[in-house]
S.K.: 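Below you will find the structure I want to go over with you.
A note on names: the letters A, B, ... follow the listed sequences, proteins ahead of strands, and every chain is numbered from 1. Keep in mind that this is a model prediction, so the values were computed, not measured.
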Protein chains: 2
Amino acid sequence: MSAQQHIKPTESELEILNVLWQQGSATVREVHEKLALKKEVGYTTTLKLMQIMLDKGLVSREVSGKTHVYTPEVDKEKTQGQIMQRMIETMFNGSAMQMVMQALGNHKATKAELDMIRDYLDKKSKK
Amino acid sequence: MSAQQHIKPTESELEILNVLWQQGSATVREVHEKLALKKEVGYTTTLKLMQIMLDKGLVSREVSGKTHVYTPEVDKEKTQGQIMQRMIETMFNGSAMQMVMQALGNHKATKAELDMIRDYLDKKSKK
DNA sequence: GCTCATCTACGAATATATTCGTACACGAAT
DNA sequence: ATTCGTGTACGAATATATTCGTAGATGAGC
């Protein structure tokens, strides 16, 4: 069990975490290149952010030759859960269901997606 | 149709909007009292925030005696939708379903809640 | 009219997040 | 050994969000 308190990554930090979660671990350059696909951002900006994240304990790193390889230190599901929870409280008066319905209503979900959710609910009910 | 662009309320602004959405409209005092239930905050802080929100067009107001009565000017569903969408993009790689499953998984939903979601999905499938 | 409680206006301090320039380290290629 | 491309470190500017103190307006009750 890793030490996780009440960490609240910022929006930018989340974007970086998301890359790391997908890749497992990555260099600043790799993360930067991913981010650059979606928005304009300077390399040193990404670098600085990742250094801050190291400071906060959101990531760890390890030297590899001349570069550093970063690894996420916060759990994806747990972090996402905390953020969702917060959102559910401030916007949906504590009702996850209300949020889910909002999300499903606003989003054009495919039949396959809906079926998957239904299956998921079935399994969850049985537990 | 009200004019709504790419407004991005802050966390604090959302808390206020949420009160207004529930009440329809309210004075600063009323909003403040609601917020004070959940966290410590000064009256003038709430006041200032609501003035800023007026500036941004998130709310409108109308004089009533010596006080102002504020009314939300952004649509609840639309605003929530925008925020969810943003979240879905940055954290769930664009998949609403992924987010829904995360929300349901992390949150202790009651059986009744799960049933309601199921019903909702059923209706949605038929359309 | 005077006082008191309550209201708005708004500047300004503080906190937090984001961005980037500049300096310097290092290794590979010439 | 010099140069060049690529790396990190980090201060500092800027942007954004939050908080609150203080000043002055206003109306109710005396």
S.K.: Under a 4.0 Å heavy-atom cut-off, which of residues 32-44 of chain B touch DNA chain C?
M.R.: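 Under 4.0 Å from DNA chain C: B:Y43, B:T44.
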S.K.: Nearest-Å distance, NZ (B:K66) to P (D:dA28)?
M.R.: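 In whole Å, D:dA28 P lies 9 Å from B:K66 NZ.
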S.K.: Taking side chain as C-beta onward, heavy atoms only, is B:Q102 less than 4.5 Å from A:M84?
M.R.: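 A side-chain contact exists here, since the closest heavy-atom pair is under 4.5 Å.
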S.K.: Measuring only between side-chain heavy atoms, which start at C-beta, is B:H32 closer than 4.5 Å to B:V41?
M.R.: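 When only atoms from C-beta onward are counted, B:V41 and B:H32 do touch, with a gap below 4.5 Å.
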S.K.: Are any of the side-chain heavy atoms of A:L58 and A:P72 separated by less than 4.5 Å?
M.R.: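 Not in contact.
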S.K.: Quick one, A:F92 and B:Q80 - any side-chain contact, counting heavy atoms below 4.5 Å?
M.R.: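 In short, these two side chains touch, coming nearer than 4.5 Å.
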S.K.: Between B:M50 (CE) and D:dT18 (C1'), how many Å, whole number?
M.R.: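 Whole-Å distance recorded here is 16 Å.
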S.K.: Starting at the 5' end of DNA chain D, which residue's closest nucleotide do you reach first, B:K48 or A:Y70?
M.R.: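 Residue closer to the 5' terminus by nearest nucleotide: A:Y70.
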S.K.: Heavy atom of residues 51-63 of chain A under 4.0 Å from DNA chain D: which residues?
M.R.: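 Per residue number, the list reads A:Q51, A:R61.
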S.K.: With a non-hydrogen cut-off below 4.0 angstrom, is B:T45 in contact with a base, only sugar-phosphate, or nothing?
M.R.: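 Base contact.
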S.K.: Provide, to the nearest angstrom, the distance between the CG atom belonging to B:L49 and the P atom belonging to C:dT14.
M.R.: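 Checked: the CG to P distance equals 19 Å.
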S.K.: Can you tell me the distance, in whole Å, between the CD atom of B:E11 and the C1' atom of C:dT16?
M.R.: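 My rounded result for the distance is 13 Å.
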S.K.: Between B:K38 and A:E89, is there a side-chain N and carboxylate O pair less than 4.0 Å apart?
M.R.: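 A:E89 and B:K38: not salt-bridged.
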S.K.: Is the closest side-chain heavy-atom distance between A:V31 and A:M50 below 4.5 Å?
M.R.: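 A side-chain contact under 4.5 Å exists here.
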S.K.: Rounded off to whole Å, could you give me the CZ-to-P distance for the B:R29 and C:dT8 pair?
M.R.: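 From B:R29 CZ to C:dT8 P: 9 Å.
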S.K.: Any salt bridge between A:E15 and A:K39, counting N to O under 4.0 Å?
M.R.: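 Yes, A:E15 and A:K39 are salt-bridged.
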S.K.: Heavy atoms, side chains only, cut-off 4.5 Å: are A:E73 and A:M53 in contact?
M.R.: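 Counting from C-beta outward, A:E73 and A:M53 never come under 4.5 Å.
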S.K.: Could you tell me the separation between the CD atom of B:E13 and the C1' atom of D:dT19, rounded to a whole number of Å?
M.R.: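 So the CD-C1' distance, B:E13 to D:dT19, works out to 14 Å.
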S.K.: For the side chain of B:S12, counting heavy atoms from C-beta on, which of C:dT18, D:dT18, C:dA12 is nearest?
M.R.: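 Minimum distance to the B:S12 side chain belongs to D:dT18.
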S.K.: To the nearest angstrom, how far is A:L47 atom CG from C:dA23 atom C1'?
M.R.: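 To the nearest whole Å, that distance equals 13 Å.
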S.K.: Please list, chain by chain and in numerical order, all residues satisfying salt bridge (charged side-chain N to carboxylate O under 4.0 Å, His left out) with B:K56, sequence neighbours excluded.
M.R.: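 B:K56: salt bridge (charged side-chain N to carboxylate O under 4.0 Å, His left out) contacts with B:E13.
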S.K.: How many Å lie between NE2 on A:H68 and P on D:dT6, as a whole number?
M.R.: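 In whole Å, D:dT6 P lies 18 Å from A:H68 NE2.
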S.K.: So, OP1 or OP2 of D:dG7: does either fall under 4.0 Å of a side-chain N or O from A:T27?
M.R.: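 No.
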